[in-house]
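Before anything else, here's the structure in question.
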Amino acid sequence: MKKISYFMMLAFAAYALQACHSGTTTTTTDSTATTTDTTKKVVATDTSKSDSSDVKFAKALAAGGAAEITFSKLAQQKLAAGKLKDFANMMVTDHTQAADTLMAIAAKENITLPTTMDADHQTQYDSMQKTSGDDFNKAYLKLMVADHTGAVALITSESQSGKDPALKAFATKILPTVQGHLDAANKLSAGMK
């Protein structure tokens, strides 16, 4: 069984390697050298891009947005009608739209983004699932204020210093909305004290 699996993996690797180089085998030696050089440049560009601050911004924003959506959906379930539930509804709508736009940009830029929240947010989520009433409301708003404070700083930095034009434009476009979320969360939080 191991030999069959090994053979299949080897065959797939050979097929993939052949597919990668199929465009260069039918050209002349000069064209092949040019094509190979271009391929090397693309690989080098992709490697440096994966470490760029733009990519780190996109990944951090995607994970944060996933957390905002997940926590706000929990709030939609736990909250009765009112300003806080309206806020949670706004979070789900706005962050879902932003996530869709960011995913489209990332796809064009060959960036793989996370679609779930990070481990720290998951721990907070597990804890918040067990709360209700005022305890839940306070914990939810505290998290929204903290996360949006960080998001505003992250987005501001990208909008001012980003190198990728599409991500920089996206950051500039969503900054007022995220700042509005922070202002609304602060206002709701102040009203609970």
Subject >> Heavy-atom pair of closest approach, residues A106 and L113 >> reply: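 So the two residues come closest at CB-CD1, 3.5 Å.
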Original post:
Hey, is NZ on K85 packed in by over 12 heavy atoms from elsewhere, all under 6.0 Å?
Top reply: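 It does: K85 NZ has more than 12 such atoms within range.
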**OP:** Give me the ring orientation class for H148 and H181: parallel if the planes are under 30° apart, tilted from 30 to 60°, perpendicular past 60°.
**Re:**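 The rings of H148 and H181 stand perpendicular, inter-plane angle above 60°.
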Subject >> L84 CG to K138 NZ distance, which is reported to the nearest 0.5 Å >> reply: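 Spacing of CG (L84) from NZ (K138) equals 12.5 Å.
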**OP:** Provide the closest heavy-atom pair for I111 versus K59 in the form atom of the first, atom of the second, distance.
**Re:**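 Smallest heavy-atom distance, with atoms named: CG2-CE, 4.5 Å.
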Subject >> Test item: T131 side-chain N/O and M128 main-chain N/O as donor-acceptor pair under 3.5 Å >> reply: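 Answer holds: yes.
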**OP:** For Q76, enumerate each residue passing the side-chain hydrogen bond (donor to acceptor under 3.5 Å, both in side chains) test, keeping only those at least two apart in sequence or located in another chain.
**Re:**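 Partners of Q76 by the side-chain hydrogen bond (donor to acceptor under 3.5 Å, both in side chains) criterion, ordered by chain and then number, come out as N89.
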Original post:
Backbone N or O of A185 within a donor-acceptor pair of the S189 side chain at under 3.5 Å?
Top reply: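 Not at all, since once roles are kept as given, no pair shorter than 3.5 Å links the two residues.
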Original post:
Where is the tightest heavy-atom contact between A171 and S159, given as atom of each residue plus distance?
Top reply: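 Heavy atoms only, the tightest pair is CB-N, 3.8 Å.
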**OP:** Might you work through the side-chain contact (heavy atoms from CB on, under 4.5 Å) test for F57 and D164, ending with a clear yes or no?
**Re:** CA-CA 11 Å; F57 158 77; D164 184 291; over 6 Å; no
Original post:
Does the side chain of D183 come under 3.5 Å of the side chain of Q179 through a donor N or O and an acceptor N or O?
Top reply: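 Yes.
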**OP:** Search all heavy atoms of T116 against all heavy atoms of A66 and return the closest pair with its distance.
**Re:**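 Scanning both residues completely, I find the closest heavy atoms to be C-CB, 3.7 Å.
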Original post:
Side chains of I174 and L102: closer than 4.5 Å at any heavy-atom pair?
Top reply: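 Side chain of I174 against side chain of L102, heavy atoms only: no contact under 4.5 Å found.
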Original post:
Do side-chain atoms of T123 reach the backbone of A119 as a donor and acceptor pair under 3.5 angstrom?
Top reply: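 Yes; judged by distance alone, with no hydrogens or angles, the pair exists.
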Subject >> Closest contact, heavy atoms only, V145 versus L182 >> reply: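 Scanning both residues, the minimum pair turns out to be O-CD1, 3.6 Å.
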**OP:** Determine whether S72 and M144 make a side-chain contact, defined as any pair of heavy atoms from C-beta on separated by less than 4.5 Å.
**Re:**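 Yes, close enough: below the 4.5 Å cut-off.
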Original post:
For N137, what residues pass the side-chain hydrogen bond (donor to acceptor under 3.5 Å, both in side chains) criterion, not counting sequence neighbours?
Top reply: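 Once residues adjacent in sequence are excluded, N137 has no partner under the side-chain hydrogen bond (donor to acceptor under 3.5 Å, both in side chains) criterion.
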Original post:
Can you name the closest pair of heavy atoms from A151 and V178 and give their distance?
Top reply: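 Smallest heavy-atom distance, with atoms named: CB-CG1, 3.9 Å.
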Original post:
So do the side chains of Y140 and M91 get within less than 4.5 Å of each other, counting heavy atoms only?
Top reply: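 The answer is yes, as the side chains (C-beta and beyond) meet within the 4.5 Å cut-off.
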Subject >> F71 vs H121 side-chain heavy atoms within contact, under 4.5 Å >> reply: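 When only atoms from C-beta onward are counted, H121 and F71 do touch, with a gap below 4.5 Å.
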